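Have a look at the structure below, then the notes.
Since the model is a prediction, treat every value here as computed from it, not as a measurement. FYI, side chains are in, hydrogens and waters are out, and symmetry mates aren't considered; it's all heavy atoms of this structure. Just so it is clear: chains get the letters A, B, ... in the order the sequence lines come, proteins before strands, and each one is counted from 1.
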Amino acid sequence: MIRKWFKNKEDENLPGFWQNYASCFEEKLPRKVSDIRFVVFDTETTGFDFDEDRILSIGAFRVENNNIEIGDNFEVFLEQSHFNPETVKIHGIIKNERFEKISELEALKGFLNYIQNSILVAHHAGFDVKMVNKALQRHGLPKLKNKVLDTAALYSKTRISSNLIDREKTYSLDEIAETYNIDLIERHTAAGDAYITALIFMKLLNRLSNGKDVALKNIYRV
Amino acid sequence: MTNSIAIRIADFLGKYPPFSLLDDVQLNSIAQEVRVSYFEQGKAIFLKDEKVHDLFYIVHKGAVDLQKVKENGEPETIDKCDEGDVFGLRPLFAKENYQINAITDEESIVYAIPIEHFKPLATSNANVGNFLIESFASNTRNPYSSEHRGKLFDDQDEISFKQEALFDLQPVAVVKKMITVSKDTSLKKAATLMSKKRVGSVIVVEDKKPVGIVTDVDFREYVGTGIFGIETPVEKVMTSPVICYSKGITLAQAQLTMMKHKINHICITKDGTPNTKVKGIVSEHDIMVSQGNNPSVLMKAINRASSTPKLNRIQSKVLYLLEGYMKNNIPVTHVSKIIFELNDATIKRTIVRCIDKMDAPPPCNFAWMSLGSQGRKEQLLHTDQDNAIVFEDVPEDKLEETRAYFLKLAKRVTKRLNIIGFEFCPAEMMARNPKYCLSLSEWKQQFTTWITSSGMDDILLCQIFFDFDITYGDVKLTNAISDHIFKTLKENKLFLNRLAVQALRNPSPLGFFRQFLVEEGGEKKDLFDIKKRGIMPLTDAARLLILEHRVKNISNTAERFEKLAQLEPNNKELYLACAYSSKVLLKFRTRQGLKYKSNGRFINLEDLSKEDKVKLKRCFKTIKEVQELIKIRFETAYHS
């Protein structure tokens, strides 16, 4: 009770869009995987330093019951002050490019409104979630409240574990896409990587649930 | 908001009709509305009598079977859609329920197009509308394709899924690319062209009209025998006049004509007489291929296939053949031999094509080994690919360079096999893994390590290496490995004991009251795991006993037991029962796999008839007995 009161007190000082987002979590998640809304996302950043580097773009798709609605996507490019010439080579986003850009705060607003209480899915999710959390922190906001699934971790669960195979091996998006025969389109853009991750995620869900409509907790259990 | 993926989806759609008939703006607006759906293998996208969806579909990845439901309720495949084919068009034209089933034949990604957005385009663009109407009415996916075949001389070996009874009256769909030469062309040049294009005939034309034909047979009869020299003009040996028909010729007609004239090629001309332009050629081979029920023709098609998608199509036909065999109760030994040969040829063909595409020929002799079920010639359904490479010993400073070459080759081969339908091994037991792409002495060392010092976990994984079969390359290398294994085994009795413990890890699947032991808990609860409980114990037992006898070059489980029956006359009956059981179990698994389009591993007991259950129980009794024998012979009690 006291904790709740504190929480409300804390929330009261936060902007309306955060309160809207936070209120989504009052609703309990459906039990069955087929009823759950997943948001598969990817961020392109200026680099790998959580304090120095910034998000350049966010791309996301909703996955519900093995479907992706292409029109129902989320894709934003952020205005930059920090610039790292090293990473431009990878993602090709440079300052003043043709995309319409919005401020970091606007991007976060849009993203929170898009994800609501969905389960977030990303490849090496820890990185992307932390990047978003760091951005939230810069605007005095708390961390993301969503549950998270990491496709890299899920994929290694589908591999047979034995001492003949390197258990610690990390799997790149390209490797998994090749295994699952997925075309690499728009690689190294947030939207492209999010889309590839979404296709991989659907294939993984099927493999992990053995083709049945299982409860979410079973996916977390594996 | 930007949507860069929608643009990519539009790129894909734009390659196929009816979307290729739209302009960029229309395409992009449709792409925005696409729903990307993922289906596992064997899932229904829609079923007969289901209310129509407000969508129609185009296959992006995978394959979808369109099935008619026969009167006895059995589904029958009438068409197969793969990348770029549209289906489920009924709701564009009618409000009534679906008339056919659409079932995924493999794991698929399908784009669903909302009709509400597409219909305005279909009504405003006459071409789009016509395509869809024809497509829907003719029940073929692509009404342009039959014409394309005539115009573009598409040389695909098409697979026919048409109903057998009506089959003979179908028009011949296969009109192949043909080679034409003029009368004064030399036989040498004609032969060179034929072997280059891998065809069995050339048509001699004058003014684009056919005046004669020269086939493989003519070369045998006239050139090989020395009657004519290779510089002779084709005019001297050609058969003339040419038997001509127009494009609509039915299969029955074509076959009768060939029989009547004792020929194996028919020329297709514009009006069916030799007085008009040549359009293409129909060969006996093509007709047989289109019937899709002849292994020798499939074999030929595999050896001629010049692209991975083509091999993929042929492989789906191999499954079709398998289904027919199972329905007709052909003995499983016979079936597995044929399917093994066809799979083996597919892998060989893939390797040959990959070697051709490498920058340089292989730096030394090597062998491609198939392991596990393909190595044991028991791979009826497509399961995982397990393979390895052994190459000749090279000087140490060349070793890594050589390995790099073979790894690159293996990467290409395994990737293509994956596309063809042999999925990647989840444990990476593939030749592209540096651990399994070794020189001969490295392999010997590896086997020594496994045999002398492996723990239980290693044994589980390494034992499939004892079931290898050479698929391609230098047989001396694989023989050297076998010899080495047996030599090492002789000095290490303990290894066999460890293998014996492994062979007994899955006890006979019958419980105390002779009921089936089903899987407890997990997603497969209450299903019976036929691989783990039935096939594996037998495979393990056969491997162990044959290694004990040091018999080389037999890797098939049933054949191993048959050999054992010869070697140990006092256990003859038990071993023959084991051989029989392993065939029965393989058949059960294959049936199950074909029925559910899966790897057939898990069986729902409710699917089994009383008779099936009795048969299975008899197999399990045999497993129990052979396990008893192993227990006593290898004194496993001390180790387990």
Side-chain angles (χ1 to χ4, degrees), chain A residues 57 59 61 63-77 98-100 102 110 114 155 158-166 169 175 178-183 185-186 189-196 198-203 205-212 214 218 221-222, chain B residues 1-12 29-43 60-62 106-107 109-112 114 117 384 411 414-415 418-419 423-429 433 435-436 450 454-455 457-458 460-462 522-525 527 596 598 602:
Chain A
S57 69
F61 289 92
V63 172
E64 270 173 291
N65 193 16
N66 283 337
N67 290 319
I68 305 170
E69 299 282 351
I70 291 298
D72 178 31
N73 73 329
F74 179 82
E75 188 173 13
V76 289
F77 295 87
R98 57 198 160 90
F99 303 107
E100 191 196 335
I102 58 175
Y114 181 76
Y155 180 73
T158 66
R159 316 289 292 176
I160 294 172
S161 57
S162 91
N163 44 5
L164 287 189
I165 307 163
D166 192 355
K169 181 168 167 37
E175 261 177 282
E178 191 192 319
T179 306
Y180 289 167
N181 198 9
I182 292 169
D183 296 338
I185 56 166
E186 293 283 325
T189 66
D193 285 0
Y195 181 68
I196 294 165
L199 294 179
I200 288 174
F201 177 63
M202 291 194 286
K203 294 199 172 203
L205 263 190
N206 166 42
R207 279 163 178 76
L208 291 170
S209 60
N210 280 309
K212 288 195 183 160
V214 293
N218 294 335
R221 193 191 292 146
V222 290
Chain B
M1 190 151 35
T2 29
N3 194 338
S4 31
I5 294 305
I7 298 166
R8 296 296 160 189
I9 302 240
D11 288 348
F12 171 82
S29 77
I30 281 294
Q32 290 274 354
E33 305 300 332
V34 162
R35 191 178 81 196
V36 180
S37 293
Y38 164 83
F39 293 93
E40 317 147 22
Q41 189 174 47
K43 279 274 146 140
H60 172 56
K61 275 275 154 79
E106 42 189 83
E107 186 179 47
I109 292 169
V110 172
Y111 291 168
H117 287 96
D384 296 341
K411 211 168 171 225
T414 51
K415 186 177 171 183
N418 186 41
I419 294 170
E423 280 186 32
F424 286 131
C425 165
E428 273 303 319
M429 284 202 206
N433 183 338
K435 283 181 194 159
Y436 309 123
W450 278 331
S454 57
D457 279 4
D458 294 336
L460 197 66
L461 278 163
C462 82
E523 288 313 316
K524 299 290 180 190
K525 194 171 180 297
L527 292 179
Y596 292 104
S598 67
F602 293 94

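Looking at B:A31, only its backbone comes within 4.5 Å of chain A, counting heavy atoms on both sides. Proximity to chain B involves both the backbone and the side chain of A:D183, based on heavy atoms less than 4.5 angstrom apart. For chain A, the nearby part of B:Y111 is the side chain; its heavy atoms alone come within less than 4.5 Å. The contact between A:L199 and chain B is made entirely by side chain atoms (from C-beta outward), counting heavy-atom distances below 4.5 Å. Only the side chain of B:E423 comes within contact range of chain A, with at least one heavy atom under 4.5 Å from a heavy atom of that chain.
Summarising the local packing, NZ of B:K411 is surrounded by 12 or fewer heavy atoms from other residues, nucleotides or ligands at distances under 6.0 Å.
In this structure, B:I5 and A:G192 approach most closely via the heavy-atom pair CD1-CA, 3.6 Å.
In the model, B:E428 has no side-chain atom that pairs as donor or acceptor with a side-chain atom of B:Y436 under 3.5 Å.
Seen from the ring of A:Y195, B:R8 does not count as a face-on cation partner, given the 6.0 Å and 45° thresholds.
Atom CE of A:M202 and atom CG of A:N66 lie 6.0 Å apart (nearest 0.5 Å).
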